[in-house]
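To start, the structure itself, in structure tokens.
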There are 2 protein chains.
Amino acid sequence: MKTTKTSAARQYPCDKCPLQEFPHFQRHIKEEISFLTDFKTGELVADAGTTVLVEGANSAHLFTVLSGWGFRYKTLEDGRRQILNYVLPGDLIGLQGSVMREMQHSIEALSPMILCVFQRDKLANLFRNYPELAYDITWIASREEQMLDEILLSVGRRTALERAAYLFAFVFQRAKSVGMVRSNKLMVPLTQQHVADTLGLSIVHTNKTLKKLAARNALRWLDRGCEILEEDVLLDISGWQGLPGTLRPYI
Amino acid sequence: MKTTKTSAARQYPCDKCPLQEFPHFQRHIKEEISFLTDFKTGELVADAGTTVLVEGANSAHLFTVLSGWGFRYKTLEDGRRQILNYVLPGDLIGLQGSVMREMQHSIEALSPMILCVFQRDKLANLFRNYPELAYDITWIASREEQMLDEILLSVGRRTALERAAYLFAFVFQRAKSVGMVRSNKLMVPLTQQHVADTLGLSIVHTNKTLKKLAARNALRWLDRGCEILEEDVLLDISGWQGLPGTLRPYI
DNA sequence: CGCCTACTTGATTTGCATCAACGCCGGTGG
DNA sequence: CCACCGGCGTTGATGCAAATCAAGTAGGCG
């Protein structure tokens, strides 16, 4: 397990935050941007495979993902792993560690990631002086809960095929909202082991389930990664309604 | 499905909130109590079986549970149901409906419940003037996410027996923290169907799994309900560490 | 009393895990 | 250059855990 982190110079001042490009995000007003400029303490570049946040640690940081893919997971003592959710640009990570006393899950990068770093001890100041931003944080936490609810429904009650279809439809829609989908196709940098650990299945059965999706032309499996091709087929198989189209805040 | 709600007179002024009895909760300062007195618009008594909040609805309310048991759940179109979590005294429910545009899950009472009712449109005011309370709400949302993470790990990666043991240990510890456990025993008003829908198993297999737990004297199954007897055995079987003992806020 | 709901139990089927073997790369080092 | 990895995906065989099917019991209630 790589744990190296490389600090880089600050490339993205908050008034030129790459996230504001995407129409799905709410814009910040000027005062908020100047506060955030102070709240932000730097940027972090993580290589693929890096563990960005570790379960049990009491991290002093809070991050917003600026680019790249990652995933949140927990493990049992004997090594069984459950991937809880994926993290994409615009997602806030490490809130549990900031608000409660320690993180109960880990986060690992699936691709090179750029993270915007915030200092935890300035969070109280944010709540005191920028209630709209505080509200946004609560909004973001509620959204995470909503995603988890649907994922739990999926793992608990959908069949293996429905589950896999839901996962890829979900990832596809999320990626689309942050401009990662071009010409209606998307490359996701996953191994089948990641998929298995997300769906609660074994690798072998995951492999067979993925072949069924590939047979329906919903996706194509490539060397350590998959290309999502037909969102409609995935939505149809999973019976999932899709994500609401509302604007969302980011920090 | 019962949906009747019975409004009752206000029996619990905020300065005599029954929740402050429990040492697990953080106390409020006087100004907060006077604000909360205004924020609270009444109380709601729900009978067992009542649907307190419905998926898809845009409820104008937010609730804190004062007493009783309930559960949060989602269903698929064909009726498959997944119970996401249980709600106990001190839990805040309906936050998703308040903060985002609509609820994506339903909540049903397992026993008679008394709920403290808050007006959603006063929430912005809370964030503006009581940053500590706003922080508490974020804390509560983070805690819900943390519980969901563990539940998802359980459903995705634990065996049927481990899963069931975890569920009862979890419910036991939560109930203990709000004074519902007497002489180290606890009655939970559940049917085996509820347990099945929580664990992602069929009723029949749930029944057989519960018998194994009963054979180990971890619990006893009664008519529509179960009595949890041996927390240690449950913790042992599940391999679960237990809940952190930290103080927690409530609204 | 009879019906309904919840729980039990055994027989059977099936989905999924496990195990094992193999092919395909990309990387490394002689 | 080739030989030798190790990681990843694919496949088939086998066994087990859990779903499904099918009765049957016991208590609660009109």
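Chain letters run A, B, ... following the sequence lines, proteins first, then strands; residues in each count from 1.
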- [ ] For Leu199(A) and dG15(C), give me the distance from atom CG to atom P, rounded to whole Å.
- [x] 17 Å

TODO: Whole angstrom is fine here: how far is it from CG in Leu222(A) over to P in dG26(C)?
DONE: 13 Å

TODO: Please figure out whether Gln193(A) or Arg157(A) has its closest DNA chain D nucleotide nearer the 5' end.
DONE: Gln193(A)

- [ ] May I ask you to say what Ser202(A) touches in the nucleic acid, namely base, sugar-phosphate or nothing, with a heavy-atom cut-off under 4.0 Å?
- [x] base

- [ ] Using distance alone, with no hydrogens and no angle criterion, decide if Thr198(B) and Tyr86(B) have a side-chain donor and acceptor under 3.5 Å apart.
- [x] yes

Open item on the list: Please report the distance, rounded to the nearest Å, between CG in Leu161(B) and C1' in dA18(D).
Closed with: 13 Å

- [ ] Please figure out whether Lys211(B) or Arg158(A) has its closest DNA chain C nucleotide nearer the 5' end.
- [x] Lys211(B)

Task: Rounded distance in Å - CG (Leu210(B)) to C1' (dC7(C)) - done: 10 Å

Task: Residues Asp149(A) and Gln104(B): side-chain donor-acceptor under 3.5 angstrom - done: no

Open item on the list: How many whole angstroms separate atom CG of Asp197(B) from atom P of dA6(C)?
Closed with: 12 Å

Open item on the list: Donor-acceptor pair, distance only, cut-off 3.5 Å: does the side chain of Thr206(A) make one with the backbone of Ser202(A)?
Closed with: yes

TODO: Look at the side chain of Val204(B) and decide which nucleotide, out of dT8(C), dC8(D), dC21(D), has an atom nearest to it.
DONE: dC21(D)

TODO: Mind calculating the distance between CH2 (Trp221(A)) and P (dC25(C)) to the nearest angstrom?
DONE: 17 Å

Task: Ion pair Asp197(A)/Arg80(A), N-O distance below 4.0 Å - done: no

TODO: Examine the side chains of Gln11(B) and Glu43(B) and answer whether a donor and an acceptor come within less than 3.5 Å of each other.
DONE: no

TODO: Just compare dG9(D), dG12(D), dA6(C) and give me whichever is closest to any side-chain atom of Gln192(A).
DONE: dG9(D)

- [ ] To the nearest Å, give me how far apart CG (Leu219(A)) and C1' (dG9(D)) are.
- [x] 14 Å

Identify all pairs in which a protein N or O lies below 3.5 Å from an N or O of nucleotides 26-30 of chain D, and state each distance.
none

TODO: Calculate the interatomic distance between His205(B) atom NE2 and dT20(D) atom P; express it in whole Å.
DONE: 12 Å

Task: Phosphate OP1/OP2 of dC7(C) contacted by Asn207(B) side-chain N/O (<4.0 Å) - done: no

Task: Presence of salt bridge, Arg72(A) and Asp91(A), under 4.0 angstrom - done: no

TODO: Considering only NZ, NE, NH1 and NH2 on the basic side and carboxylate oxygens on the acidic side, decide whether Arg158(B) and Glu150(B) come within less than 4.0 Å.
DONE: yes

Open item on the list: So Lys208(B), base contact, sugar-phosphate only, or nothing? Heavy-atom distance under 4.0 Å.
Closed with: base

Open item on the list: What's Leu201(B) touching, base or sugar-phosphate or nothing? Going by heavy atoms closer than 4.0 Å.
Closed with: sugar-phosphate

